[in-house]
Number of protein chains: 2
Amino acid sequence: MDQVQRRKKGASAPTMIDVARTAGVSIATVSAYMNRSARVSDELTRRIEAAIGAIGYERNAIARSLKTGATHTIGLTVADIRNPFFTDVVATIQQVLNSAGYAVMLCSSDENTARQDEQIKLLLDRMVDGLIIAPAGDDAVMTRLVKSTRKPVVLIDRLNAGLDVDAVVIENATAVFEVIRYVIDLGHRRIGFVSGPSVASTGRDRLAGYYEALRHAGIGFDQMLVCNGNFREDDGYRAAMRLLTQPDRPTAIFSANNLMVIGALRAIRDLGLSCPDDVSVACIDDFSWADVFSPQLTAVAQPVKEIGEQAARLLLERLSGVAPPEPRLVRLQGELMVRGSCAPLS
Amino acid sequence: MDQVQRRKKGASAPTMIDVARTAGVSIATVSAYMNRSARVSDELTRRIEAAIGAIGYERNAIARSLKTGATHTIGLTVADIRNPFFTDVVATIQQVLNSAGYAVMLCSSDENTARQDEQIKLLLDRMVDGLIIAPAGDDAVMTRLVKSTRKPVVLIDRLNAGLDVDAVVIENATAVFEVIRYVIDLGHRRIGFVSGPSVASTGRDRLAGYYEALRHAGIGFDQMLVCNGNFREDDGYRAAMRLLTQPDRPTAIFSANNLMVIGALRAIRDLGLSCPDDVSVACIDDFSWADVFSPQLTAVAQPVKEIGEQAARLLLERLSGVAPPEPRLVRLQGELMVRGSCAPLS
DNA sequence: TTGTATGCGTTATCAG
DNA sequence: CTGATAACGCATACAA
């Protein structure tokens with residue numbers, strides 16, 4: 001069909017053809033102008049710009065994507081969008097990627113691997129150019145999904161054994177080791193551990209740090225002192241309840257993340273106990289408000305900003321092809337913030 | 001070009017043509033099968049499914065969108081993704097929209113109208129099917145952007161005078177009125193107000209509720225008791241500092257949102273004061289952990305879940321065309337959570 | 001420099 | 001019920 005005799009002037013949005021027609025140039029020239037892919041004479045440039053302004057043309061990113069194969073959109077799934085840790089990371093990733101010209105499609109799997117898999121499928125289906133994943137856990141479907149895509153993928157927060165992709169994590173075992181050692185130094189011997197799920201590398205690594213600290217201090221390991229959770233507030237509550245209602249209850253409780261520590265504190269309150277007088281508490285993940293509310297939580301602050309920046313950087317490098325072929329693993333350090341929620345044991 | 005003699009088997013992802021070829025059917029039949037748009041015989045269905053499995057075909061959403069004009073993606077911009085209020089709303093919107101088959105593209109404007117406008121442009125450019133906006137503020141560019149798009153738009157949290165679109169907000173003035181009345185009933189007369197920006201309807205409405213409560217109680221209005229902020233933590237800190245360092249300092253401080261109240265509490269601490277002994281504190285926006293940390297904040301809990309659900313519902317109704325032509329305004333009620341951060345004034 | 005023609009992967013129309 | 005073919009809006013070799 002002739003490019004001139006179209007566009008009934010009513011229905012749909014103006015296209016490049018309309019611009020070409022009203023500017024009296026060819027569609028290729030308009031395209032060249034839009035992409036600065038070739039020099040367009042000043043005269044035509046002027047006419048094209050006038051035409052664009054007149055009919056309010058905006059280029060259709062879908063058609064453009066179909067042609068170029070790139071959407072300039074990246075997918076981001078996190079285990080829990082309500083978790084301030086992820087929120088902070090997301091905010092940074094967002095900023096970096098946006099200023100690099102990418103939009104971000106965000107999904108939260110709510111610590112549910114089935115939902116996570118669906119969302120990764122959704123994202124891949126939407127033809128994102130790349131993927132940043134904070135995995136809810138290692139699961140076979142996701143592994144297969146990620147392996148079978150040719151899009152660059154960056155893992156954050158948690159590793160997945162079966163995946164050879166770029167990743168940004170913190171030294172979880174080391175971080176926990178340090179906190180537990182600090183608690184032990186305060187005189188505590190019976191230290192309860194509210195653990196994350198073993199399907200998550202963070203769950204496993206943080207528990208490992210706990211064991212290591214105990215062994216290092218020569219403290220025997222008591223199976224009753226470890227309770228599993230799924231990183232949610234309720235899990236922390238239940239775990240702390242179980243820990244604190246046993247005969248020889250722990251004098252300190254460590255929570256493997258921020259949400260569970262709130263649950264644990266609620267359990268402490270519901271049992272009529274107080275922190276740090278009756279039970280010392282520490283955790284991984286800092287709160288921005290930790291210094292203004294009591295108990296002022298002793299916690300390991302994760303370098304959220306840097307995690308986000310590094311993740312975005314790794315992805316951007318892959319997208320622009322300047323990354324080396326082998327996967328890169330960035331390991332960051334947490335920082336122990338000693339506050340008032342752990343008391344010395346007399 | 002003949003649909004059979006293509007696909008060099010190496011490079012790009014398999015297309016419908018490949019499926020048609022390996023299944024020995026026509027491309028239209030494959031399409032009919034994929035969309036269930038027409039009955040396909042059992043025999044062909046079987047062959048198509050086998051082919052899809054064999055070559056690992058996945059339908060290209062970009063091409064599909066180009067053809068159908070729908071992306072099944074909706075854009076969502078919030079004023080601040082780090083604010084738990086927005087996070088909660090986002091999480092709900094996400095869930096509802098996802099289960100309706102839509103993906104969500106999220107942007108955070110960080111209370112910056114310029115960034116917000118860019119992001120709305122970005123989203124519209126990505127051809128989202130609809131938009132949910134928590135405006136950083138009324139600004140002309142956004143108003144024009146929203147007005148000129150034919151995509152359905154839903155506003156949440158904040159209204160924009162110039163826009164005749166669906167919206168979900170809470171009764172801000174009423175909510176503040178109630179809190180302030182409660183504080184007045186405790187005996188307070190000098191009540192500082194840490195306000196949001198006047199470019200945001202929430203900023204204006206909440207301040208109006210404050211004035212109304214004072215007038216209702218016959219308390220004179222003192223210009224020195226109101227400090228403007230931009231809903232960020234730092235603003236709350238600065239505002240509270242100014243309020244509490246004046247000669248006849250207020251006995252109570254009300255913060256127009258959650259982030260600023262944390263700043264205010266930090267200021268109180270830095271001044272060597274304590275809450276609620278020296279200064280009572282209340283705010284809009286509840287915290288999930290408010291009951292386990294001291295001071296236990298008295299606050300108005302916004303119905304975050306319902307805000308998200310209603311916003312998603314309004315948008316979905318527009319998308320499916322079952323909505324009435326005129327814009328709908330959903331006004332929800334906040335709930336005053338009385339805790340311990342406000343003390344009676346002897 | 002500027003214009004023409006073709007294809008990206010689907011969907012949809014219309015014959016068979 | 002199935003098959004061929006024309007768009008969807010843009011980019012891009014290639015021709016002029």
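As the structure is a computational prediction, the values presented were derived from the model and not from experiment. The chains referred to below are lettered A, B, ... by the order of the sequence lines, with proteins before strands, and numbering in each begins at 1.
- If you measure from atom CZ of A:Arg47 to atom P of C:dT1, you get 16 Å, rounded to the nearest angstrom.
- Within the 4.0 Å cut-off from OP1 or OP2 of D:dG9, not a single side-chain nitrogen or oxygen of A:Thr15 is found.
- In this structure, A:Arg47 contributes its side chain and A:Ala23 its backbone to a donor-acceptor pair below 3.5 Å.
- In this view, B:Lys305 and B:Thr92, B:Glu309 satisfy the side chain to side chain contact (heavy atoms under 4.5 Å, CB included) rule, not counting sequence neighbours.
- One axis for each end of the helix from C:dT1-D:dA16 to C:dG16-D:dC1, each built from five base pairs, and the angle between them comes to 40° at 10° resolution.
- Whole-Å rounding puts the B:Ile17 CD1 to C:dG9 P distance at 7 Å.
- Computed from coordinates, the A:Glu58 CD to D:dG9 P distance equals 14 Å when rounded to whole Å.
- Rounding to whole angstrom units, CG of residue B:Asn60 and P of C:dG7 are separated by 18 Å.
- By the side chain to side chain contact (heavy atoms under 4.5 Å, CB included) test, A:Asp125 pairs with B:Ala61, sequence neighbours left out.
- In terms of phosphate contacts, B:Thr29 brings no side-chain nitrogen or oxygen within less than 4.0 Å of OP1 or OP2 of D:dT2.
- For the pair B:Asp125 CG and D:dG9 P, the computed distance is 15 Å after rounding to whole Å.
- To the nearest angstrom, C1' of C:dT1 lies 12 Å from CG of A:Asp42.
- A:Tyr102 pairs by the ring pair (Phe, Tyr, Trp, His ring centres under 6.0 Å) definition with A:His72, not counting sequence neighbours.
- Note: CD1 (B:Ile62) to C1' (C:dC8) measures 11 Å, nearest angstrom.
- A:Pro197 is linked by a side chain to side chain contact (heavy atoms under 4.5 Å, CB included) to A:Val199, A:Ala200, A:Asn230, A:Phe231, counting only residues two or more places apart in sequence or in another chain.
- Within 4.0 Å (heavy atoms only), A:Val30 reaches no atom of the nucleic acid at all.
- Residue A:Tyr33 contributes atom OH, which lies 17 Å from atom P of C:dT1 at whole-angstrom precision.
- Contacts classified as salt bridge (Lys or Arg N to Asp or Glu O under 4.0 Å) and involving residues 319-328 of chain A (residues at least two apart or in different chains) are given here: A:Asp166-A:Arg328, A:Glu317-A:Arg328.
- For the side chain to side chain contact (heavy atoms under 4.5 Å, CB included) test, residues two or more places apart in sequence or in another chain that qualify with B:Met127 are A:Asn60, A:Ile62, B:Thr71.
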Would you mind writing out the side-chain donor-acceptor pairs for residues 27-34 of chain B within the sub-3.5 Å range, not counting sequence neighbours?
residue	atom	partner	partner atom	Å
B:Thr29	OG1	B:Ser26	OG	3.2
B:Ser31	OG	B:Asn35	ND2	3.3
B:Tyr33	OH	B:Glu49	OE2	2.9

Polar atoms only, N or O, under 3.5 Å: list the protein pairs with nucleotides 11-13 of chain C and their distances.
residue	atom	partner	partner atom	Å
C:dT11	OP1	B:Asn35	OD1	3.3
C:dT11	OP1	B:Arg59	NE	3.2
C:dT11	OP1	B:Arg64	NH1	2.5
C:dT11	OP2	B:Ser31	OG	3.1

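- Without hydrogens or angle criteria, B:Lys151 side chain to B:Val128 main chain gives a donor-acceptor distance under 3.5 Å.
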